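Counting starts at 1 for both ligands and their atoms, in listed order. Just so it is clear, the structure is predicted and the values come from calculations on it, not from any experiment.
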Amino acid sequence: MQHTRGLTTVVSTVSSNEFDTEDAFIRNLNPIHYSKRAQQINNNPRPTLKQPGAITPPVIWGRNIHSTLVASLFSIGVVSLAPCLVVFFWIALDWFEGSLLHTGLSFLSNDKLAWVALYSPQFHLPDFVAYVAWFLFQAGLYTYLPGPLGTGQLTPAGYQLQVPSYTNGFSAWLITNVLFVSLCILDVLDPAIIAKHWSGLLLSANIMGFLLSFFAYFKAHFFPTHRSDLKLSSSHAYDFYMGIEFNPRFGSTWDFKLFTNGRPGIVAWTLIDLSFIAWQYQTHGYVSNSIVIATILHAIYVIDFFVNEDWYLRTLDIAHDHFGYYLAWGSLVWLPSMYTLQTQYLARYPMDLSWPVAAAILGVGVAGYIIFRSVNWQKDVVRRTNGECLIWGKKAEVLVFDYVTQDGGKHKSLLLCSGWWGLSRHANYLGDLILSYSMCATCGLKHILPWFYAIFMTILLLHRCHRDEQRCAVKYGQQWEKYVARVPWKLLPGVY
Ligand SMILES: NC(=O)C1=CN([C@@H]2O[C@H](COP(=O)(O)OP(=O)(O)OC[C@H]3O[C@@H](n4cnc5c(N)ncnc54)[C@H](OP(=O)(O)O)[C@@H]3O)[C@@H](O)[C@H]2O)C=CC1
Ligand SMILES: CC(C)=CCC[C@@H](C)[C@H]1CC[C@H]2C3=CC=C4C[C@@H](O)CC[C@]4(C)[C@H]3CC[C@]12C
């Protein structure tokens, strides 16, 4: 069945009498992987589907509900190996002068030093208490600070999420950073305290990350917030990793995903940098220009995130990913430990950049950031003004696409195809990558370890190009191909 409405073409591939409920449609997609357990959870009453005249078929966009053996093994691999990688990097930094190769060889050759290093991080109750206090302090700021109302995206089930004044991240970041600096100036706190307690804090963050991931998993099964946005596959491992609930909440408004994803880890990012700068000063007697530039670039990225927090509600993490290990453990452990590797490395092994090199790195980094922000801004302003805006001085060119939610609701969406979005379909990733490589360039070329962030971002964002397009292709059906034909380049025009 195909019908055309202005610019928009809606294509339905299955007619209503073939599958009269969404669940029949899901089962038909993959009968083998559609387990009993998944059926129980995915079998939510969505009465509008059965009403006469409802749009069929319900489009199953959003998190994957089909798990393959590879996806299960991958999930088990990440859940078990990512924490080991975090510890391995810490050992390489602290015990092997930042050399991943020497660390690896040392373990392989059963060198005593490697095993001593492995058992050196001890659980310290005071570190854990401090970590829990930090977590609760951020939760308090998130809950009580005033801020503008956030505008959530329509979920696959058709919920318009209310985000009451939780987009107060900038005030939370400012208060936390000013408080930390003030306490250090007043000599109440040692500014290097985070760096000095790093291994204990890392252990504590891991404990919290796993606790929260398990909480998310069990909450989804026993007391979910929005039943019709639950996504289950036949694999426990995949569900634990990717998350089952879309927007788990305390009551109707306190959003776990938004808080965990956007607060304890990202607010800590700049504090960790400052603490490692202080540690460099205390141990080496000076502050290198490289660590300052790395921190400035990080700070630009972090402040941008909080200033534009409302924009983040309409990105993949919040509008597509469910809340599981990936976002819970990732935001509490992976982000603060792996995204700050440059300053952790430079604090221990300082290097001074010549001023032309320092200026070039800073300049390229800021240019990357400007691209990143202006691409994201263009997408956002087009959506906010319903296409009634200027992009690069000309009226925005948009494609208007239809999509349906699982409750049978029919909606429209605008896809910008001029400005940056006319050059490539993910120009924002390009700006982000330029910024990431600049951050890592502050560490020189001696070791690969501090380049991990850029390498990770390259893999993550290339995979995201694919992941995002799969999602859009399902959400918009054949209309998406029209957009791809109009904007043929994925990332870098003329190359990819
Ligand atoms: N530092 C880090 O670790 C990471 C940073 N990032 C950054 O976070 C930001 C957000 O990333 P992400 O959510 O992946 O990507 P986007 O912000 O590009 O969001 C993707 C969504 O935008 C909508 N969209 C796609 N094309 C258009 C268009 N032409 N016009 C209007 N809307 C469109 C679609 O959603 P719909 O139509 O459903 O609204 C699509 O699913 C990026 O700038 C990225 O660089 C990302 C990953 C990791
Ligand atoms: C190995 C493992 C489980 C990794 C988890 C990765 C997550 C911690 C990151 C995945 C996507 C990341 C982010 C996306 C977009 C962002 C916008 C930007 O302006 C600030 C950073 C961030 C919020 C970033 C944060 C880490 C991730 C959630």
Side-chain angles (χ1 to χ4, degrees), residues 61-62 75 77-79 81-83 85-86 153-156 169 209 213 241-242 257-258 260-263 265-266 269 298 300-309 311-321 324-339 368-369 371-373 375-383 387 391 396-399 401 403 411-422 424-436 439 453-454 456-457 459-461 463-465 467-476 480 483-484 486-487:
W61 52 281
S75 309
V78 177
V79 171
L81 293 182
L85 204 65
V86 166
Q153 189 100 325
L154 264 190
T155 74
S213 308
Y241 173 65
M242 281 313 291
K257 188 166 76 173
L258 195 56
T260 312
N261 197 193
R263 293 305 167 81
I266 305 188
W269 196 339
H298 288 173
I300 291 175
Y301 197 55
V302 168
I303 293 171
D304 170 90
F305 172 78
F306 287 123
V307 169
N308 297 291
E309 204 173 15
W311 148 82
Y312 191 59
L313 301 178
R314 292 174 293 281
T315 62
L316 227 56
D317 305 296
I318 301 293
H320 174 78
D321 287 333
Y325 175 92
Y326 175 76
L327 284 182
W329 182 89
S331 305
L332 292 189
V333 185
W334 188 260
L335 188 154
S337 59
M338 303 305 254
Y339 284 23
Y369 164 71
I371 297 175
F372 164 84
R373 179 42 47 209
V375 184
N376 285 323
W377 178 82
Q378 287 186 352
K379 177 185 117 172
D380 223 37
V381 74
V382 158
R383 289 273 171 101
I391 298 292
E397 293 169 35
V398 295
L399 291 172
F401 288 172
Y403 68 98
H411 312 275
K412 281 196 189 305
S413 198
L414 258 62
L415 274 92
L416 174 62
C417 42
S418 62
W420 289 110
W421 296 86
S424 85
R425 302 198 292 276
H426 302 281
N428 48 348
Y429 294 170
L430 200 62
D432 210 341
L433 284 175
I434 296 172
L435 177 56
S436 312
M439 290 169 178
Y453 178 64
F456 174 72
M457 285 291 280
I459 299 167
L460 185 85
L461 294 180
H463 179 246
R464 247 176 206 234
C465 288
R467 196 157 82 92
D468 183 47
E469 301 214 356
Q470 255 189 340
R471 169 184 185 269
C472 291
V474 178
K475 181 172 176 181
Y476 298 119
W480 180 252
Y483 173 60
V484 173
R486 174 105 177 233
V487 185

| field | Shell of residues surrounding ligand 2, defined by a 4.0 angstrom heavy-atom cut-off that is strict | value |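 These residues qualify: Asn261, Ile266, Tyr301, Phe305, Trp311, Tyr312, Asp317, Tyr326, Leu327, Gly330, Ser331, Trp334, Leu335, Tyr339, Phe372, Arg464.
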Per-residue contact class, [X] against ligand 1 - non-hydrogen pairs under 4.0 Å:
X	result
His426	neither
Trp311	side chain
Val382	neither
Leu415	both
Asn376	side chain
Asp468	side chain
Val375	neither
Phe305	neither

| How are the rings of Trp480 and Tyr476 set relative to one another: parallel (under 30°), tilted (30 to 60°) or perpendicular (over 60°)? |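 Trp480 and Tyr476: parallel rings.
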| In terms of the angle between their ring planes, are Tyr241 and Tyr326 parallel, tilted or perpendicular, with boundaries placed at 30° and 60°? |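 Plane angle over 60°, so perpendicular.
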| Ring centres under 6.0 angstrom apart (Trp269, Phe305) |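 Ring centroids of Trp269 and Phe305 are no less than 6.0 Å from each other.
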| said: Within ligand 1, which atoms have a heavy atom of Leu460 less than 4.0 Å away? | reply: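 What qualifies from ligand 1 is 47 (C), 48 (C).
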| Is there a side-chain contact between Leu85 and Met338, using heavy atoms and a 4.5 Å cut-off? | yes
| request: Using a strict cut-off of less than 4.0 Å between a Lys/Arg side-chain nitrogen and an Asp/Glu carboxylate oxygen, indicate whether Asp317 and Arg464 qualify as a salt bridge. | output: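 A salt bridge is present here (some side-chain N lies under 4.0 Å from a carboxylate O).
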